[in-house]
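Since the model is a prediction, treat every value here as computed from it, not as a measurement. Start at 1 and go down the list; that is how both ligands and their atoms are numbered.
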Amino acid sequence: MAYFPEVPKQIEYEGPKTKNPLAFRHYNADEKIEGTSMRDLLRFGVAYWHTFRGTGSDPFGPGTAHRPWEGATDNAENAKKRVEVAFEFIEKLGAPFYCFHDRDVAPEGANLKETNRILDEVVKVLKDHQQKTGVKLLWGTANLFSNPRFMHGAATSPNADAFAYAAAQVKKAIEVTHELGGQNYVFWGGREGYQNLYNTDMQRELDHLARFMHLAHDHAKSIGFKGQFLFEPKPKEPTKHQYDFDAAACLNFIGRNGLDGVVKLNIETNHATLAGHTMMHELEYARIHNALGSMDANTGDLLLGWDTDQFPTDIYLTTQCMLVILKQGGLAPGGVNFDAKVRRESFEPVDLFHAHIGGMDAFARGAKIAAAIRKDGVLNNFVKDRYSSYDSGIGQKIEKGEASFADLEKYMLDKGDVEKNKSGRQEMLENLINDYL
Ligand code: XUL
Ligand code: CO
């Protein structure tokens, strides 16, 4: 059965001149960038929650999305049928990966036991489709935020029962991620944060969150799950203050709680900008700490201050992302997951294709541009030269730890003043980047 009859069997690469909206202009899976195929460099993932569960609802009205395959009830049968829809979509698009929360793929039952049983049923179908299509699971995660039991949070809830339920749920989610060959497991805070410090013991909540992660890691080890754990920063929404605020806050949490090397980061564009950072900043901050694991690709809106999760189309943005990703030599075992949703007004199934094709092309183009910039070495050479005063003389001594404050004082007393500063040439470099677009 074809759920997307107006879409050909395979979205093909037709090159930049094509007028076909259901074709790639830049994403050419086998074409190599810096020696790696685009398929293996970009490792695109489709987000089950937005693409197959998104309804287009907003606080002012119910969903608008026209999804003819959806039944009226959210039961196991529907969930299994939806897997067929999902895999038809992913296969036609040619994305190698998908990502899900437990509750995206399977609904809750009357109690935890039944919920787990339904999940197992759906996981069988997912596994079957993965085998048939070759589509792989980039990461799994657990939804610890939608059900009212998590009204105060999950691992950071003041209610120990909520912690226990969340633990049981994550245990199961790691197990099914393992069963499906998932290459990573994501922790996004959900409601792990607070609205008001008058009613919050921040110390205990943070300790509980650390305990939770260690327990998750212990369990992963005990079942032989070798996937990478990823923590996903986000500063606000749904709580006023999320504990996983940004890359720096997450890395501080990871380092302070003995989770170094155990947990890396999944960086999301709209979360970066909500935290007052550029995406490039967040990616680079994670990279220099050896913690850049994966990314959730999307974009916010300059005029709107919330998590709009739009598909990325801005070539500057994707070029900046790819400059960092290429510097790291790729994201594997992570990837580029489109944590993005079509607008409420784009309600037809084919809009899901237009959105993903645009996002994939934007990243492919950004990758080519970033590779060209790197090939010419202009930025690299400029930065290298800018710091060259540390390559010899007093700078080298500072970096090697061979100069004390007294030595530096003597050096400056002898010299009298700073010799010369060089221009940062910001505008020249910005012009130069435009040459490559
Ligand atoms: C929420 C968000 C999540 C995570 C996974 O803003 O980004 O969908 O990516 O829980
Ligand atoms: Co995300």
Heavy-atom distances under 4.0 Å are what count here, so tell me which part of D296 touches ligand 1: side chain, backbone, both or neither.
side chain
Please check this pair: side chain of Q228 against backbone of G293, looking for a donor-acceptor N/O pair closer than 3.5 Å.
no
With atom 3 (C) of ligand 1 as the reference point, say which of D104, N270, D339 has the nearest heavy atom.
D339
Check whether Y165 forms a cation-pi arrangement with R149 (NZ or CZ under 6.0 Å from the six-membered ring centre, at most 45° off the ring normal).
yes
Judged by modelled atom types alone, do W49 and D339 share a side-chain donor-acceptor pair under 3.5 Å?
yes
Near K234, which atoms of ligand 1 are under 4.0 Å from a heavy atom of that residue?
1 (C), 6 (O)
Closest approach to the Co ion (ligand 2) by E268, given as the N, O or S atom name
OE1
Could you pull out the atom name of the N/O/S atom in D296 that is nearest the Co ion (ligand 2)?
OD2
Is K81 paired with E84 through a side-chain N to carboxylate O contact shorter than 4.0 Å?
no
Which is closest to atom 5 (C) of ligand 1 in terms of heavy atoms, H50, H271, H101?
H101
Are F163 and F212 close enough that their ring centres sit under 6.0 Å apart?
yes
Specify which N/O/S atom of D339 comes nearest to the Co ion (ligand 2), by atom name.
OD2
Going by the order shown, which atoms of ligand 1 are within less than 4.0 Å of some heavy atom of W49?
8 (O)
Is the shortest side-chain N to carboxylate O distance from E70 to R82 below 4.0 Å?
yes
Report the atom name of the nearest N/O/S atom of E232 relative to the Co ion (ligand 2).
OE2
Whether the E175 and H219 side chains hold a donor-acceptor pair (N or O, under 3.5 Å, no angle test) is what I'd like checked.
yes
salt_bridge(E179, K127) N-O dist < 4.0 Å
yes
Where's the contact between D307 and ligand 1, heavy-atom distance under 4.0 Å: side chain, backbone, both or neither?
side chain
Do any nitrogen or oxygen atoms of W188 come within less than 3.5 Å of a nitrogen or oxygen of ligand 1?
no
Can you confirm, on distance only, whether ligand 1 has an N/O atom lying under 3.5 Å from any N/O atom belonging to E232?
yes
